[in-house]
Amino acid sequence: MDRPYDFESIYQGPALVQYKQAVVPWDIGEPQPAVVALESAGAFSKDVLDAGCGVGDNAVYLSARGYRVTGFDYAATALRQAEQRAEALGVAVEFVQSDATRLDNLAQEFDTVLDSGLYHSLARQQRAEYAAALAKVCRPNARLHLLCFSDEAQDEFPDPHRISDTELRNTFTGPAWHLAEVHRDTYVTAFTKDYVEKQAGGQFPSLDIRTLTFDAAGRLTRPIWRLAAVRL
């Protein structure tokens with residue numbers, strides 16, 4: 001079913017029971033390696049918006065690297081955790097609660113936007129609204145870096161909505177956005193190999209673990225699209 005997720009419930013805990021998960025799947029306790037690679041390649045500049053920032057590890061990392069960072073999320077529980085992580089590390093990040101399809105609560109414009117896992121969590125009818133809302137809070141020539149789960153995954157692992165590159169290209173091609181590139185990349189999850197092996201046959205009865213890939217730390221990785229677009 002094409003629907004948004006109840007992230008507030010996930011961060012509070014009850015939805016983890018509903019989805020039979022022991023961890024918040026995207027909370028790896030550090031910035032996404034793909035985000036670190038983007039920053040090392042010079043992909044970020046000046047005022048950065050972390051869209052769907054969750055518990056804030058990407059935002060905190062970018063702030064520590066010298067950018068002025070604002071993170072927004074709809075889940076108040078996630079934002080409280082993000083504020084605690086930023087405070088613990090002594091970095092300044094502004095965290096704002098906002099609806100991704102409106103972004104009415106953002107008072108400034110941005111030079112760079114990071115979306116690490118928000119787009120693929122939106123229902124289909126929300127995605128064009130989200131792209132339009134982002135355009136309104138971006139300065140001309142601002143750059144968007146978006147990471148979302150790919151429909152090229154061939155296994156039976158229960159990802160959120162898997163997105164085609166055609167849909168991405170259609171969403172970010174038009175009067176507001178110039179699509180610069182779409183590449184394959186990898187996203188690291190909080191699911192360990194041990195966790196997945198224990199769940200195979202139970203929560204994931206049709207899953208063949210041999211079809212999955214894990215990083216050097218034993219964490220499940222997922223194929224993603226890495227999109228770059230420029231605000232016109």
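Position 1 is the first residue of the sequence; numbering continues from there.
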Does the side chain of [X] reach to within under 4.5 Å of the side chain of [Y], using non-hydrogen atoms?
X      : Y      : answer
Leu103 : Lys136 : no
Tyr130 : Leu118 : yes
Leu144 : Leu227 : yes
Asp104 : Asp99  : no
Trp225 : Leu147 : no
Leu49  : Val137 : yes

Check whether any side-chain N or O of [X] sits under 3.5 Å from a backbone N or O of [Y] as a donor-acceptor pair, and report yes or no.
X      : Y      : value
His120 : Pro160 : no
Thr173 : Asn170 : no
Asp155 : Leu212 : no
Arg231 : Ala135 : yes
Gln154 : Glu152 : yes
Asp215 : Gly218 : yes
Arg139 : Glu109 : yes
Glu8   : Thr77  : yes
Asn58  : Pro31  : no
Trp177 : Leu232 : no

Considering all heavy atoms, the nearest [X]-[Y] contact:
X      : Y      : answer
Ser98  : Phe72  : O-CD1, 3.9 Å
Ile28  : Ala190 : CG2-N, 3.6 Å
Ser63  : Val93  : CB-CG2, 3.6 Å
Val113 : Cys138 : CG2-SG, 3.5 Å
Ala153 : Asp159 : CB-OD2, 4.4 Å
Phe44  : Leu38  : CE1-CB, 3.8 Å

May I ask you to check whether [X] and [Y] show a side-chain donor-acceptor distance below 3.5 Å?
X      : Y      : answer
Thr192 : Asp194 : no
Thr186 : Thr221 : no
Gln32  : Ser116 : no
Thr112 : Tyr67  : no
Tyr119 : Gln126 : no
Thr166 : Arg169 : no

Atom [atom1] of residue position [X] - does it have more than 12 heavy atoms of other residues, nucleotides or ligands inside 6.0 Å?
X      : atom1 : result
Gln108 : CD    : yes
Arg68  : CZ    : no
Phe214 : CZ    : yes
Arg162 : CZ    : yes

ILVMFWY cluster, [X] and [Y] together (side-chain gap under 4.5 Å):
X      : Y      : answer
Val230 : Leu146 : no
Val188 : Val196 : no
Leu122 : Tyr74  : no

Check the pair Phe110 / Val48 against side chain to side chain contact (heavy atoms under 4.5 Å, CB included), numbers first and verdict last. CA-CA 6 Å; Phe110 298 91; Val48 177; 5.8 Å; no
Tell me whether the rings of Tyr11 and Trp26 are parallel (<30°), tilted (30 to 60°) or perpendicular (>60°).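 The rings of Tyr11 and Trp26 stand perpendicular, inter-plane angle above 60°.
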Roughly how far, to the nearest 0.5 Å, is the [atom2] atom of [Y] from the [atom1] atom of [X]?
X      : Y      : atom1 : atom2 : value
Arg219 : Thr213 : CZ    : OG1   : 12.5 Å
Gln97  : Arg80  : CD    : CZ    : 9.0 Å
Glu30  : Asp57  : CD    : CG    : 8.0 Å
Leu106 : Thr70  : CG    : OG1   : 7.0 Å
Arg127 : Cys148 : CZ    : SG    : 8.5 Å

Between His178 and Phe172, ring centroids under 6.0 Å: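 When the ring centroids of His178 and Phe172 are compared, they turn out to be at least 6.0 Å apart.
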Answer with yes or no after comparing the ring centroid distance for Phe149 and Tyr187 against a 6.0 Å cut-off, counting only values under it.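 Phe149 vs Tyr187: aromatic centres under 6.0 Å.
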Run the salt-bridge test on [X] and [Y] with the 4.0 Å N-O cut-off and return the result as yes or no.
X      : Y      : answer
Arg143 : Asp111 : no
Arg226 : Asp185 : yes
Arg85  : Asp27  : yes
Glu129 : Arg124 : no

